[in-house]
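Input: a single structure, listed below in structure tokens.
Here the structure is a predicted model, which means the values were calculated and not measured.
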Amino acid sequence: MSSAPPPLPPPSGAEIARDAAWLAQALDPAAGIVRMIAMTPEEYRSASFLDDRMLQQPVTAAALLPWGEVAAAFGPMERDDARWIFHIGHVGSTLVARLLGELQSVLSVREPRFLRDLTALDAGQRATYIPATRKLFSRSFAADQLALVKATSFVSEIAAELLATDGRALFVYASPRYYIASILAGENSVLELDALAPSRAERMAGRVDQFAQPRNHADLAAAAWACELTSLEAAAQKLPHARIMWVDFDQLLSDVEGGLKRIAHGLEIDGSANELADLADSPLLKRYSKALEFAYSASLRRDLINEAGANFGSEIDGALDLLGASAETSPLLAQALRRAGEN
């Protein structure tokens, strides 16, 4: 019987800067400590999330390092070219990140807790972390491989800080009607909607004035859409020179191959026409991307949305009216509705 491999020693600064073999998984800003976890390319490829859920499985090695030691590993010449995916939640961003992560030219880094921890800081505190953070998440395993970082939805609040002035990012959304219906179609998504409502109301307060008190879950889902998409709109306004691709997920599903080709071109990701065509026929499109053991597909998503539309049609119409009324005093929300084709 073979024995377990010996634990790895904590990484040196040179090892941290060299490649993505040590993930900056979590940040404790009060203590100034970073949790680094050893990762292989295959472990990045298979992990749905890099938050604390990844710790439910054994890891090869972990180390707690002072932030100053981690930041000092990066000099002015280290790469700062990560591509980013920001999104409004429940719009297939994990699927897109998984599909592109199948390319040899891409290291897909999905939802590291570190970025959530960073978002909790005030802007002044974050400013001391951002330069090294960009470099931490631009590391890959080869010079010709790009890191593609998919953040948790509320990390969009700091998208303009994470994305370099001329950086490249994908902003993924859905129309409010489809978004609201998709939320109402799932018991767990409704529970999440209730749980996140207070924090979303707080986040949205500076962007959307006088959003009416939600009367039901359809209204609450409309408020969630307004919060998350105005967050992306605000980030885009702050970055007029960034190369941002806006992608409606349901439109992408109608032409996966063409959509992936446009995304690869927009993000300057190296992928041949044959490779992208193969991705469009990937088994990943028939699985639930956050838990591959469950079947899920574009047709099932469409069926669930149609069923929710039939069951909650009047509530959804009322929620869309609520969005339209709220947009009258919120330019960002009005812009979000125009982008989604609702105005």
Side-chain angles (χ1 to χ4, degrees), residues 8 11 14-27 34-51 53-55 57 59-63 70 73-74 77-87 92-116 118 131-152 155 159 162-164 167-172 243 245 247 260-261 263-272 275-276 278-279 282 284 289-290 292:
L8 298 175
E15 289 172 315
I16 292 170
R18 182 183 61 207
D19 58 28
W22 286 88
L23 166 72
Q25 189 265 341
L27 171 68
V34 183
R35 180 161 62 210
M36 307 291 291
I37 294 181
M39 296 281 290
T40 65
E42 179 55 34
E43 286 169 333
Y44 277 106
R45 182 174 176 270
S46 63
S48 295
F49 305 100
L50 297 173
D51 58 17
R53 283 170 285 188
M54 70 177 294
L55 302 179
Q57 303 295 325
V59 298
T60 302
V70 174
F74 297 96
M77 301 305 294
E78 268 78 29
R79 62 194 302 183
D80 185 11
D81 61 350
R83 279 35 173 176
W84 296 84
I85 298 178
F86 298 103
H87 57 97
S93 57
T94 301
L95 174 61
V96 174
R98 273 195 184 279
L99 287 171
L100 293 174
E102 294 294 296
L103 298 171
Q104 290 297 314
S105 61
V106 174
L107 175 67
S108 182
V109 182
R110 295 185 285 274
E111 299 201 21
R113 179 187 142 178
F114 185 102
L115 298 177
R116 299 185 191 182
L118 196 62
T133 295
R134 288 177 178 168
K135 294 185 176 185
L136 266 174
F137 288 98
S138 293
R139 298 170 303 153
S140 63
F141 287 98
D144 59 353
Q145 184 182 53
L146 286 170
L148 176 67
V149 186
K150 183 238 175 194
T152 308
V155 175
L162 292 169
L163 186 58
R168 294 179 183 266
L170 191 65
F171 285 9
V172 190
R243 276 68 65 88
M245 287 192 69
V247 172
L260 290 176
K261 287 180 178 178
I263 290 170
H265 177 75
L267 297 183
E268 289 191 336
I269 286 172
D270 185 17
S272 70
E275 287 175 318
L276 294 168
D278 287 343
L279 292 184
S282 168
L284 291 171
S289 56
K290 294 179 181 178
L292 295 179

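Proximity of a side-chain donor or acceptor of T152 to a complementary backbone N or O of V155 within less than 3.5 Å is not detected. Checked by atom type and distance alone, the side chain of S108 pairs as donor or acceptor with a backbone atom of A97 at under 3.5 Å. Not one N or O on the side chain of Q57 forms a donor-acceptor pair closer than 3.5 Å with the backbone of M54. Judged purely by atom type and a 3.5 angstrom limit, R113 has no side-chain atom pairing as donor or acceptor with the backbone of E111. Here the side chain of R168 pairs a donor or acceptor atom with the backbone of G266 at under 3.5 angstrom. Listed for the R139 side chain is no donor-acceptor partner under 3.5 Å among the backbone atoms of A20. In terms of modelled atom types and a separation under 3.5 Å, the side chain of S140 and the main chain of L107 share no donor-acceptor contact.
For the pair R243 and E268, the salt-bridge criterion is not met [side-chain N within less than 4.0 Å of a carboxylate O]. At a threshold of 4.0 Å, the pair E102-R45 counts as salt-bridged, since one of the basic side-chain nitrogens sits closer than that to a carboxylate oxygen.
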CA sep, side-chain torsions, deciding dist, call: L23, M36, side chain to side chain contact (heavy atoms under 4.5 Å, CB included):
CA-CA 5 Å; L23 166 72; M36 307 291 291; over 6 Å; no
Can I85 and V149 be said to form a side chain to side chain contact (heavy atoms under 4.5 Å, CB included), step by step?
CA-CA 6 Å; I85 298 178; V149 186; over 6 Å; no
After noting the C-alpha distance and the side-chain angles of V34 and F114, does the key distance pass the side chain to side chain contact (heavy atoms under 4.5 Å, CB included) rule?
CA-CA 8 Å; V34 183; F114 185 102; 4.1 Å; yes
Going through the distances and angles, do L27 and T133 end up as a side chain to side chain contact (heavy atoms under 4.5 Å, CB included)?
CA-CA 11 Å; L27 171 68; T133 295; over 6 Å; no
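Taking CG from D80 and CZ from F74, the interatomic distance works out to 10.5 Å, rounded to the nearest 0.5 Å. Atom CG of residue L170 and atom CD1 of residue I269 lie 8.5 Å apart, to the nearest 0.5 angstrom. How far CD1 of I16 is from CG of L136: 7.5 Å, rounded to the nearest 0.5 Å. Rounding to the nearest 0.5 Å places NZ of K150 at 8.5 Å from CZ of R110. Once rounded to the nearest 0.5 Å, the distance linking CH2 of W84 with CG of L162 reads 4.5 Å. The structure places CD1 of I37 at 5.5 Å from CZ of R35, a figure rounded to the nearest 0.5 Å.
Test L100, L146, D270 against S105 for side chain to side chain contact (heavy atoms under 4.5 Å, CB included) and you get one pass: D270. Between M39 and the options T60, L50, V109, a side chain to side chain contact (heavy atoms under 4.5 Å, CB included) holds for only L50.
The shortest heavy-atom contact between S289 and S48 is O-OG, 3.6 Å. Shortest non-hydrogen contact noted between R83 and L267 is NE-O, 2.7 Å. Closest of all the heavy-atom pairs between S138 and A82 is OG-N, 3.0 Å. For the residue pair Q145 and R79, the shortest heavy atom distance occurs at O-NH2, 3.0 Å. Looking at every heavy atom in both residues, A62 comes nearest to V59 through CB-CG2, 4.5 Å. F137 and A147 get closest at one heavy-atom pair: O-CB, 3.3 Å.
Donor-acceptor pairing under 3.5 Å is lacking for the side chains of S282 and R98.
The side-chain heavy atoms of H87 and F171, taken from C-beta on, include no pair separated by under 4.5 Å. For the pair L279/L284, no side-chain contact is recorded, criterion being any heavy-atom separation below 4.5 Å from C-beta on.
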